[in-house]
Amino acid sequence: MTLTRAVWAQGIHGHGAKRELAMKTAEIREAFLSYFEQQGHTRVGSSSLVPHDDPTLLFTNAGMNQFKETFLGLETRAYLRACTSQKCVRAGGKHNDLENVGYTARHHTFFEMLGNFSFGDYFKREAINFAWTFLTEVLKLPKERLWITVHTSDDEAAAIWIDEIGIDPSCLSRLDEDNFWQMGDTGPCGPSSEIFYDHGAHVPGGPPGSADDDLDRYIEIWNLVFMQFNRDGAGELHPLPAPSVDTGMGLERIAAVLQGVHSNYEIDLFQTLIKATASALAVADLEEKSLRVIADHLRSCAFLIADGVMPSNEGRGYVLRRIIRRAVRHGNKLGATQPFFATLVPVLVAEMGAAYPDLQASESAIVKALRAEEDQFARTLDNGMAILEEALSSLEGAVLPGELVFRLYDTYGFPVDLTNDIARERNLTLDVEGYDEAMAQQRKRSQESGSFKVDYNESVTIPGETQFTGYDSTEGSGTILALLAEGEMTQSLAAGEQGVVVLNSTPFYGESGGQVGDCGLLQGDSSRADVTDTTKAQGHHFHHVQVTAGSLSVGDVLTSTVDNALRERIRLNHSATHLLHEALRRVLGNHVVQKGSLVDSERLRFDFSHGEAVSAAQIEEITHIVNEQIRGNSATTTQLMDMDSAVAAGATALFGEKYGDEVRVLSMGSQGFSVELCGGTHVDRTGDIGLLLVTGESGVAAGVRRIEAITGKAALEQSLASSQRVVDVAEVLKATPNAVVEKASVLRSEVRELEKEVARLKQKLATSSGGDLTQSAVEIGGIKVLATQIEGADVATLRETLDQCKNKLGTAVVLLAAVEGDKISLVAGVTKDATDKVRAGDAIKEFAGRLGGKGGGRPDMAQGGGTDVAALPAALAAVPDWVASQLA
RNA sequence: GGGGCCAUAGCUCAGUUGGGAGAGCGCAACACUGGCAGUGUUGAGGUCGUCGGUUCGAUCCCGUCUGGCUCCA
């Protein structure tokens with residue numbers, strides 16, 4: 001290892017000194033972006049790790065993610081050339097190599113992807129020239145170390161490389177599948193060209209396309225994708241009118257090459273993190289794999305939290321939780337006894353905060369969230385450990401059952417590798433097969449119940465865009481562009497059928513930004529369809545309809561009418577959501593970020609990041625702030641502007657909303673109280689909302705709270721109804737409405753006093769009557785037998801009395817009964833010194849049976865009941881004889 | 001979206017053929033001790049998460065809801 005490292009460290013020019021002079025990771029990032037800016041590219045910020053509007057993608061995993069719609073032609077940008085340094089996360093989902101991270105040279109959960117993009121502007125020639133110039137002139141990589149691959153069909157690219165760049169044909173491979181890229185089974189695709197770096201003959205491995213090309217000598221550093229075809233549903237390729245370019249170069253890889261190191265973990269950025277971790281955990285060996293795991297995971301966790309993901313038990317939050325816990329486990333392996341992970345955050349922020357201001361701004365939130373999760377995990381481990389110890393104490397044999405291992409993991413979150421460590425310490429092994437079997441069943445269950453929501457993005461392609469006219473009007477007309485039935489394109493929909501109508505223009509709002517879609521009516525000359533919902537996909541509004549008369553055909557012109565009353569109520573709720581959001585931020589703090597929202601005609605629901613329950617006092621304050629804004633009755637303004645201006649104006653972007661170049665900025669409340677990007681429909685003046693009333697506050701997931709509220713007429717009615725309830729309560733309590741609380745609390749303490757008094761009296765009654773009752777006991781074979789009825793006693797009193805009787809009688813058998821309505825309660829007691837002859841349980845079974853009931857208990861005390869009140873005197877009279885029979 | 005587990009005193013938790021609500025810590029009062037600290041005694045504190053069902057009887061069995069933990073997708 002040491003030898004190999006020395007060889008690697010000789011670096012690209014063959015002498016180790018260069019490593020010291022090599023560009024830092026941050027300098028490479030900046031060099032890339034400024035080079036492409038000079039080539040006419042717009043420097044675009046990294047998009048969030050949480051992809052908006054793409055449910056198929058767990059996390060942003062490539063530079064092109066934020067441009068997907070642009071490549072598909074569904075949206076246009078203000079520029080034709082762009083360059084980015086995109087933060088990416090790969091964990092969970094399809095390519096889940098979480099377990100490899102830290103143990104290989106180039107696997108990461110988080111990485112940065114440098115990319116330059118052309119949207120129908122330049123193509124292969126320029127893309128290749130840019131890449132070559134940047135690598136050889138800006139980064140000064142030696143040309144002879146670079147190896148090129150081109151698709152078998154792509155003579156054009158091969159010719160550019162060989163004839164124009166001057167690549168030696170022997171350093172160029174023509175590959176098939178490795179050099180073809182596609183977004184999905186259909187859609188844009190094309191050949192790619194990759195640039196490899198040759199670490200030199202002293203490293204094992206062959207050039208791309210050879211048998212041992214997966215070894216470390218040739219490392220892919222840059223992938224240039226030439227999007228020139230559109231693949232249709234039948235698999236046919238059609239040339240795109242405006243071919244595009246998408247490239248990607250892993251920042252950590254190129255840094256490793258430039259710094260002359262073998263593993264990405266040896267670049268300056270990672271070394272800083274690793275050293276900080278080693279120092280925090282007092283670990284001397286910097287080669288320790290666990291340090292790499294922690295350094296890698298620190299990056300993904302911090303950036304995910306900065307983008308609003310919080311540890312939880314599902315979806316993205318769950319992936320984050322797993323990464324955090326894996327990091328903490330590795331810390332524990334290195335001997336950590338205290339929470340350490342969160343303490344590393346400042347080091348990361350110092351290293352990367354300049355390039356990612358969001359990270360810097362979220363520092364305290366990241367520390368808080370990581371610390372909380374570390375504490376939670378520690379509790380989980382303690383708990384699991386206790387259960388494991390318990391199971392081990394009664395274990396027979398030397399194998400831990402798979403079922404137990406699985407249950408520890410599944411139910412209590414106790415990591416299997418930890419179970420394994422503990423088992424090994426005690427010379428035990430795990431039943432891995434049984435564990436795998438249980439896990440396979442769990443997977444099967446989950447998959448079988450997966451949802452089957454139709455994803456129109458996958459099944460059909462509709463060109464163009466629907467024009468939305470609904471901000472100004474709730475009526476309009478439009479031509480049918482397409483009809484869908486059961487997810488398939490169709491030419492017509494007949495009366496009685498359900499389907500989807502796509503128009504070229506519509507006033508119907510499509511579900512987005514948490515606001516539900518509009519309902520209403522579509523009418524043709526002789527046709528009519530009810531719109532039950534409107535959704536958005538591919539830039540189009542999908543009207544989900546039930547045809548009620550005539551039939552609809554592609555090309556028909558329809559009159560569209562939105563259900564105005566419904567729309568009006570939705571507007572109130574949606575506008576109130578914006579005021580609520582800002583009020584929450586002012587009262588609870590700026591860490592409040594929208595995590596989801598649902599706005600319909602009945603109510604509004606707003607989910608946001610916040611660590612603890614919102615107190616009643618805080619809710620009151622929030623309600624005041626919102627209603628103050630409503631009473632202010634200021635005009636709502638919407639402005640279209642580009643994204644940069646919007647951010648400059650202080651606009652907050654809403655989660656789940658897709659923004660094009662031109663965004664709609666909504667200002668509401670006095671003096672720009674709330675400024676947000678939003679495409680929804682809103683009130684003209686805040687006063688239209690009338691009133692906002694919070695109806696509930698609850699938790700959705702760890703770190704996420706939910707507030708539900710109502711507005712307008714509904715809020716007023718609710719408010720009136722609760723006032724009326726107070727009046728009603730006051731009447732029942734015989735108090736004035738203003739004094740109900742006081743009255744209720746007085747009554748409650750009175751009830752308490754009375755209950756205590758009753759308990760005292762019962763006790764007294766039991767003591768005195770116990771004494772009286774003992775008079776009537778008869779003696780059978782040396783045992784005093786007492787069987788009697790007590791008026792008005794309950795079960796607790798019977799028991800008390802029973803104890804008193806036993807105390808006073810010495811050796812005794814006692815049976816006491818009380819009648820309430822048509823129900824008889826029985827208790828039986830036998831003093832300890834007689835339980836070997838007579839058992840209380842037997843007595844109860846016998847006499848409860850005679851009274852049409854059942855009962856049971858211990859030998860010295862038993863309870864039961866019956867219903868045959870008439871038979872009670874005879875039953876009690878028979879007790880002495882029964883005792884005699886037991887003694888016989 | 002689909003499973004599993006949990007909810008008992010202010011806190012940490014015990015509590016099985018369904019039959020009388022407990023421990024430790026903390027709290028209060030009193031006593032001992034020169035002070036601090038401590039020790040001892042006594043006491044307060046519980047609709048056993050919610051609502052419903054089964055049962056003579058439910059903290060316990062069944063179901064609903066709420067909250068928390070956890071795994072899978």
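Sequence lines set the chain letters: A, B, ... in the order given, protein chains first and strands last, and positions in each chain run from 1. Please read these numbers as outputs of a predicted model, since none were measured by experiment.
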OP1 or OP2 of [N] sitting under 4.0 Å from any side-chain N/O of [X]?
| X | N | value |
| --- | --- | --- |
| Thr380(A) | rU70(B) | yes |
| Gln376(A) | rU70(B) | yes |
| Lys444(A) | rG2(B) | no |

In Watson-Crick or G-U wobble terms, both distances under 3.5 Å, what is the partner of [N]?
| N | value |
| --- | --- |
| rA73(B) | none |
| rC61(B) | rG53(B) |
| rA31(B) | rU39(B) |
| rA21(B) | none |
| rA14(B) | none |
| rG67(B) | rC6(B) |

Partners meeting salt bridge (charged side-chain N to carboxylate O under 4.0 Å, His left out) with Glu433(A) (sequence neighbours left out): none
Atom-to-atom span, [atom1] of [X] to [atom2] of [N] - whole angstrom:
| X | N | atom1 | atom2 | answer |
| --- | --- | --- | --- | --- |
| Leu798(A) | rG57(B) | CG | P | 15 Å |
| Leu815(A) | rC56(B) | CG | P | 18 Å |
| Phe406(A) | rU70(B) | CZ | P | 16 Å |
| Gln863(A) | rG19(B) | CD | P | 9 Å |
| Arg839(A) | rG19(B) | CZ | P | 18 Å |

Would you kindly compare Gly866(A) and Arg443(A) by the position of their nearest RNA chain B nucleotide and give the one closer to the 5′ end? Gly866(A)
Return the 5'-most residue of the pair Gly855(A), Phe414(A) with respect to RNA chain B, ranking by each residue's nearest nucleotide. Gly855(A)
Closest approach to the side chain of [X], judged atom by atom: which nucleotide of [options] is it?
| X | options | value |
| --- | --- | --- |
| Gln442(A) | rC69(B), rC5(B), rC71(B) | rC71(B) |
| Tyr409(A) | rU70(B), rC71(B), rU55(B) | rC71(B) |
| Met861(A) | rU70(B), rG19(B), rC5(B) | rG19(B) |
| Arg445(A) | rG3(B), rG19(B), rC56(B) | rG3(B) |
| Arg321(A) | rC56(B), rG4(B), rU70(B) | rU70(B) |

Pair Arg371(A) + Asp375(A): basic N to acidic O under 4.0 Å: yes
Quick one: do Glu374(A) and Arg325(A) make a salt bridge, cutoff under 4.0 Å? no
With sugar-phosphate meaning primed atoms plus P, OP1 and OP2, does Arg858(A) contact a base, only sugar-phosphate, or nothing at under 4.0 Å between heavy atoms? base
Assign Lys854(A) to base, sugar-phosphate, or nothing according to its heavy-atom contacts below 4.0 angstrom with the strands shown. base
When rounded to the nearest Å, what value does the distance between [atom1] atoms of [N] and [M] take?
| N | M | atom1 | result |
| --- | --- | --- | --- |
| rU16(B) | rC61(B) | C1' | 11 Å |
| rC6(B) | rU50(B) | C1' | 16 Å |
| rU47(B) | rA28(B) | C1' | 25 Å |
| rC69(B) | rU17(B) | C1' | 31 Å |
| rC71(B) | rC56(B) | P | 44 Å |
| rA73(B) | rC65(B) | P | 26 Å |
| rC27(B) | rU33(B) | P | 23 Å |
| rA23(B) | rG38(B) | C1' | 22 Å |

Can you confirm whether Leu304(A) sits close enough to Phe110(A) that some side-chain heavy atom of one is under 4.5 Å from a side-chain heavy atom of the other? no
In the structure I gave you, are the side-chain heavy atoms of Leu381(A) and Asn332(A) within less than 4.5 Å of one another anywhere? yes
Heavy-atom contacts under 4.0 Å between residues 843-853 of chain A and RNA chain B, which residues? none
Step by step, would you call Asp421(A) with Arg329(A) a salt bridge (charged side-chain N to carboxylate O under 4.0 Å, His left out)? CA-CA 12 Å; Asp421(A) 288 351; Arg329(A) 269 290 290 147; 3.3 Å; yes
Report the relative orientation of the aromatic rings in Phe847(A) and Trp882(A); use parallel for angles under 30°, tilted for 30 to 60°, perpendicular for over 60°. perpendicular
For a side chain to side chain donor-acceptor pair (under 3.5 Å) with Asp296(A), tell me which candidate from His107(A), Arg326(A), His108(A) qualifies. His108(A)
Could you go step by step and tell me if Gln804(A) and Glu800(A) meet the side chain to side chain donor-acceptor pair (under 3.5 Å) rule? CA-CA 6 Å; Gln804(A) 296 296 335; Glu800(A) 291 277 351; 4.9 Å; no
